[in-house]
Asker: 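Okay, here's the structure, questions in a sec.
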Amino acid sequence: METKQPHKLPHSPAYNFLLQAGPRLYLLHQVHAHIVVSGYGRSRSLLTKLLNLACAAGSISYTRQIFLAVPNPDSFLFTSLIKSTSKSHNFSIYSLYFYSRMLLCNVSPSNYTFTSVIKSCADLSALKHGRVVHGHVLVHGFGLDVYVQAALVALYGKCGDLINARKVFDKIRERSIVAWNSMISGYEQNGFAKEAIGLFDRMKETGVEPDSATFVSVLSACAHLGAFNLGCWVHKYIVGNGLDLNVVLGTSLINMYIRCGNVSKAREVFDSMKERNVVAWTAMISGYGTNGYGSQAVELFHEMRRNGLFPNSITFVAVLSACAHAGLVNEGRRLFVSIREEYHLVPGVEHHVCLVDMLGRAGLLDEAYNFIKEEIPENPAPAILTAMLGACKMHKNFDLGAQVAEHLLAAEPENPAHYVILSNIYALAGRMDQVEKVRNNMIRKCLKKQVGYSTIEVDQKTYLFSMGDKSHSETNAIYHFLDELMWKCREAGYVPVSDSVMHELEEEEREHALRYHSEKLAIAFGLLKTSHGTPIRIVKNLRMCEDCHSAIKFISAISSREIIVRDKLRFHHFKFGSCSCLDYW
DNA sequence: ATAGGGTTAG
């Protein structure tokens, strides 16, 4: 006997059959036939449930077929359909389609309809459609519905329209945790890590208790900024408040530790996780790779396989680049072949780049170039040629470099980075006439190279420095300290490396720039502001130049400090006068 | 029945 519940009637047998079938097409077809035969074919609740399951089973045509058989579909049925289709990324477009059908049929949308259709617009990054739907929200009087408002914040955030995200957010009277999370995540996803953290602080002041989704965004922001102390605070908060370390939150933590250069803490978190999927393994593999532990990255890749998980294309990028940075050429070649042969995936541009980069770094320029010519004979992607060009510069192969650069400049004439590398190559070859030509070309096209900057976190605040920067309040003390430091370095044997990077600069800029590259300023500031024994962590937006790399080795020895620099590509751990990259970048 | 989250070379 079933126990009687006051609010819940027991399901009909047909409904129970549907529940048992679940999102499995062949079973749904059977139950559907049974429903029709037994005369329940017009039951709205049964058809709605069937429709949801058909959609969850992945068959849009079957879903549509069921829908079309319903005479005069009402708001509930339309909404149900729109919600089902909004749940799968593949069907987002159908969600918009059914929404427009709904309006055409003169059926009124509800706040439930809007949350779903807005989510679909967000998943599609369809800002224009989203704006139109926002208009409908206002017309139908749901402008102050907290659920709809939170969805709108997420929509604008995902579409990169932070102004409008903030406008909606500011109008919300009772901000739910989801509204806060959507806004914080919007800032973070668009590269405004500082703003994300600032809003998180305001959220705390307001007395709203953060949850795991909040911390996922905050940890991403920490990762972005290299904000180790704030990241550690978050970790302690998570543990102290007994938040469940689910796979997403765990991966965020791993990523935070990795991007702050602390691989062992990342591994601790990894080992403590109950559930680990490919994304978590990939984060850890990439962490070993970027921090210079190539063989550990490869080892972890194989361990993942032994655990029965399959790598995806991002996993291969992580493990191949780990091989590239560690000089593990044979292993890298084998892994590349396995993408197709063992895993039946198709290597993409990103994998070709890794392979060319790996061969190029190892000095196998001919093999790399032949690979491009044979595997991608027609229009190799600029990224692949860029990797090839970098290798030519690294191994001072001027002829091949000029040849590759010619292709590259034809393909991307507006990218200043290509001109910079080419002029570097000519400078290394001593062809100053060519350097001049390339530079004039850049000037004529009004192309400027990217401005370098470095950041450092002190007392949970992030400070930014750029080359020759004098905007900081303690500029004088920093420069004075840095001058003394560089003097000590020279006494210890440091010789400034006037490498090719210098040749792009105007004559009078050189000496100034050499001493005051942004990472040196940030390190000087860090040494002044933090106590002995604390590692200095720097994040740089470009690659480090050879001179800084050499200088920082001396600085680490003289000041007896561990200095960790994350550049555009990887980490450098400086300790006792040497670097973890072993000068193989 | 409602909204928000993690991995990627150069």
Side-chain angles (χ1 to χ4, degrees), chain A residues 48 52 76 79-80 82-84 86-87 110-119 122 142 145-155 157-158 168 172 175-186 188-189 210-220 223 246-256 258-259 273 276-287 289-290 311-325 348-358 360-361 381-391 408 415 417-418 421 542-543 568-570:
Chain A
T48 308
N52 291 342
F76 191 93
T79 301
S80 199
I82 292 165
K83 191 171 136 196
S84 301
S86 74
K87 279 194 180 144
S110 68
N111 51 347
Y112 292 95
T113 322
F114 283 122
T115 51
S116 297
V117 73
I118 292 166
K119 179 190 171 350
F142 293 111
D145 183 284
V146 285
Y147 291 94
V148 175
Q149 285 175 314
L152 283 169
V153 172
L155 162 77
K158 281 223 177 86
V168 176
I172 307 178
R175 291 192 189 109
S176 65
I177 178 81
V178 179
W180 283 101
N181 290 350
S182 301
M183 194 64 231
I184 291 172
S185 148
E188 165 48 31
Q189 286 178 1
D211 68 3
S212 62
T214 321
F215 287 129
V216 169
S217 292
V218 172
L219 286 168
S220 287
N246 63 35
V247 65
V248 177
L249 187 57
T251 306
S252 295
L253 263 177
I254 292 174
N255 190 238
M256 180 277 291
I258 280 166
R259 306 204 43 100
M273 285 164 69
R276 282 173 237 147
N277 59 15
V278 203
V279 180
W281 283 88
T282 302
M284 196 63 229
I285 291 168
S286 136
T290 51
N312 61 26
S313 70
I314 298 173
T315 317
F316 277 111
V317 171
V319 73
L320 286 174
S321 86
C323 292
H325 286 278
V349 171
E350 62 273 40
H351 305 110
H352 293 139
V353 169
C354 289
L355 195 77
V356 169
D357 185 47
M358 178 185 79
R361 276 173 204 280
I384 299 171
L385 294 177
T386 306
M388 189 68 226
L389 186 60
L408 205 44
N415 189 332
H418 302 330
I421 302 183
L542 304 175
R543 294 228 70 185
K568 198 179 179 187
L569 293 188
R570 59 165 297 157

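Quick note on labels: first sequence line is chain A, next is B, and so on, each numbered from 1.
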Asker: Let's see if you can work this out: which of B:dA1, B:dG5, B:dA9 has an atom nearest to the side-chain heavy atoms of A:T79?
Answerer: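 Closest of the options to the side chain of A:T79: B:dA1.
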Asker: Side chain of A:K158 only, please: which of B:dT2, B:dG10, B:dG5 is the nearest?
Answerer: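 From the listed options, B:dG5 comes nearest.
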Asker: Counting side-chain heavy atoms from CB outward, which of B:dG5, B:dA1, B:dG6 is closest to A:V247?
Answerer: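 From the listed options, B:dG6 comes nearest.
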Asker: For B:dG10, does either OP1 or OP2 sit under 4.0 Å from a side-chain N or O belonging to A:H351?
Answerer: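 No, no such contact exists.
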Asker: Select one nucleotide: of B:dT8, B:dG6, B:dG10, the one nearest the side-chain heavy atoms of A:T251.
Answerer: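 Given the options B:dT8, B:dG6, B:dG10, the side chain of A:T251 is closest to B:dG6.
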Asker: Side chain of A:Q189 only, please: which of B:dG5, B:dT7, B:dT2 is the nearest?
Answerer: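 Selected nucleotide (nearest to the side chain): B:dG5.
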Asker: Could you tell me how far apart A:M256 (CE) and B:dG5 (P) are, to the nearest whole angstrom?
Answerer: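 To the nearest whole Å, that distance equals 20 Å.
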Asker: For A:F142, enumerate each residue passing the ring pair (Phe, Tyr, Trp, His ring centres under 6.0 Å) test, keeping only those at least two apart in sequence or located in another chain.
Answerer: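 Per chain and number, A:F142 pairs via ring pair (Phe, Tyr, Trp, His ring centres under 6.0 Å) with A:F114.
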Asker: If you check every side-chain atom of A:V248, which of B:dT7, B:dT2, B:dG6 has the closest atom?
Answerer: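 Of B:dT7, B:dT2, B:dG6, B:dG6 is nearest to the side chain of A:V248.
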Asker: Which nucleotide wins on minimum distance to the side chain of A:T115, given the candidates B:dA3, B:dG5, B:dG10?
Answerer: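 Given the options B:dA3, B:dG5, B:dG10, the side chain of A:T115 is closest to B:dA3.
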Asker: Taking only residues two or more places apart in sequence, or in another chain, which ones meet A:N111 in a side-chain hydrogen bond (donor to acceptor under 3.5 Å, both in side chains)?
Answerer: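 A:N111: side-chain hydrogen bond (donor to acceptor under 3.5 Å, both in side chains) contacts with A:D145.
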Asker: Does a side-chain N or O from A:N111 land closer than 4.0 Å to OP1 or OP2 of B:dT2, or not?
Answerer: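 Result: no.
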Asker: Could you check how far CG of A:L542 sits from C1' of B:dG10, rounded to whole Å?
Answerer: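 To the nearest whole Å, that distance equals 13 Å.
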Asker: Just by distance, with hydrogens left out, do A:S80 and A:N52 show a side-chain donor and acceptor under 3.5 Å apart?
Answerer: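 Distance-only check passes for A:S80 and A:N52.
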Asker: Taking atom types as they are modelled, is there a donor-acceptor pair under 3.5 Å from the base of B:dG6 to the side chain of A:S252?
Answerer: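 Flag unset: no donor-acceptor pair detected.
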Asker: Quiz question: by atom type and distance under 3.5 Å, do the side chains of A:S252 and A:N255 form a donor-acceptor pair?
Answerer: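 No - no donor-acceptor pair under 3.5 Å links their side chains.
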Asker: Tell me which nucleotide among B:dG6, B:dA9, B:dG10 gets nearest to the side chain of A:L569.
Answerer: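 Selected nucleotide: B:dG10.
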Asker: What's A:D211 touching, base or sugar-phosphate or nothing? Going by heavy atoms closer than 4.0 Å.
Answerer: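 Counting heavy atoms under 4.0 Å across all strands, the contact made by A:D211 includes a base.
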